[in-house]
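The structure presented is a predicted model; accordingly, all values stated were derived computationally and were not measured. Remember, it's 1-based here, ligands and their atoms both numbered in the order they're listed.
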Amino acid sequence: MKILMFAASFRKDSLNKKLIRNAHKMIPAGHELILREFNDFHMPLYDGDLETSSGIPDGGKKMIEAIQGAQAIIISSPEYNFGIPGTLKNAIDWTSRMSPVPWNGKQVLLMGASPGMVGTNRGLWEVRKALEALSAFVYPEMLGVAQAHKAFDQNDQLTEPRMLDQLQKLLNKFTAYADYASKFKA
Ligand SMILES: Cc1cc2nc3c(=O)[nH]c(=O)nc-3n(C[C@H](O)[C@H](O)[C@H](O)COP(=O)(O)O)c2cc1C
């Protein structure tokens with residue numbers, strides 16, 4: 001199974017980039033992993049007039065191609081003001097303008113990292129809602145790393161054994177399920 005992975009942050013020192021890179025190293029063998037930077041998918045704010053005059057922008061087209069080329073997608077997203085970051089919602093909106101919608105039928109796993117005490121699950125529920133609107137299969141379990149500024153060592157490795165165990169078990173379950181379920185996509 002081809003798995004696209006990215007963190008929905010542009011920041012160089014992004015906690016979500018650290019989390020997705022840890023997850024990338026922990027995916028069970030036997031899958032083709034495509035780790036991308038959200039920075040490759042920079043695009044302007046959605047504007048219907050811009051779409052009419054110029055179509056989907058280059059960053060949106062790159063993201064669409066990346067989604068089309070994978071059966072499963074793992075996203076690590078920050079939470080902004082208890083919700084989905086505008087940058088990620090904008091990217092989902094632009095990519096939804098392609099027909100057929102590239103998210104349709106994709107297996108998706110959501111995770112996120114935040115320096116806060118609560119984690120990112122309030123925001124991830126909004127990511128889930130937008131992707132389910134596009135007929136993606138979003139895995140029921142999500143992982144939010146709270147106090148993430150303390151979760152990584154100087155080599156950006158997750159240090160807490162319980163968190164590593166939780167992430168490993170989630171990746172094992174998701175890849176086993178998604179590998180099976182993606183075979184039902186026409
Ligand atoms: C506009 C904005 C809103 C934020 N709102 C939240 C929030 O609701 N919950 C939270 O846990 N962190 C919030 N944060 C803090 C982010 O979790 C923190 O900046 C995090 O490092 C962003 O992810 P990144 O490191 O991957 O860029 C917010 C940050 C910004 C810039």
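There is no side-chain donor-acceptor pair under 3.5 Å between Tyr139 and Gln107.
In this structure, the protein non-hydrogen atom closest to atom 11 (O) of ligand 1 is Ser114 OG, 2.5 Å. Closest protein heavy atom to atom 22 (C) of ligand 1: Pro78 CB, 3.8 Å. The protein heavy atom nearest to atom 20 (C) of ligand 1 is Pro115 CD, 3.8 Å. Given atom 14 (N) of ligand 1, the protein heavy atom at minimum distance is Glu79 O, 3.6 Å.
Using a cut-off of 4.0 Å between Lys/Arg side-chain N and Asp/Glu carboxylate O, Asp58 and Lys62 are scored as not salt-bridged. Comment: Lys169 engages Asp165 in a salt bridge, judged by a side-chain N to carboxylate O separation of less than 4.0 angstrom. Here Lys183 pairs with Asp179 in a salt bridge; the nearest charged N to carboxylate O distance falls below 4.0 Å. The residues Lys150 and Glu160 are annotated as not salt-bridged, no charged nitrogen and carboxylate oxygen being separated by less than 4.0 angstrom.
For ligand 1, the atoms lying closer than 4.0 Å to a non-hydrogen atom of Asn16 are 23 (O), 24 (P), 26 (O). Ligand-side atoms of ligand 1 in range of Ser9: 24 (P), 26 (O), 27 (O), range being under 4.0 angstrom from any heavy atom.
Contact of the Leu124 side chain with the Ser77 side chain is registered, since non-hydrogen atoms from C-beta on lie closer than 4.5 Å.
For atom 25 (O) of ligand 1, the nearest protein heavy atom is under 4.0 Å away.
Any N or O atom pair closer than 3.5 Å counts here, and Phe82 shares at least one such pair with ligand 1. Polar contact check, Lys17 against ligand 1: no nitrogen or oxygen pair lies under 3.5 Å apart. Considering backbone and side-chain N/O atoms, Tyr80 never comes within less than 3.5 Å of an N/O atom of ligand 1. Ligand 1 has an N or O atom lying under 3.5 Å from an N or O atom of Leu15, backbone or side chain. Taking distance alone, with nitrogen or oxygen atoms compared against 3.5 Å, Asn81 approaches ligand 1 more closely than that limit.
Using cut-offs of 30° and 60° on the angle between ring planes, the pair Phe10 and His42 is parallel.
A cation-pi arrangement, defined by a distance under 6.0 Å to the six-membered ring centre and an angle within 45 degrees of its axis, is present between Arg128 and Trp125.
Both the backbone and the side chain of Ser14 come within 4.0 Å of ligand 1, counting heavy atoms alone.
At least one heavy atom of Gly119 sits less than 4.0 Å from an atom of ligand 1.
Of the residues listed (Asn172, Leu35, Ile3), the one engaging Ile27 in a side chain to side chain contact (heavy atoms under 4.5 Å, CB included) is Ile3, and it is the only one.
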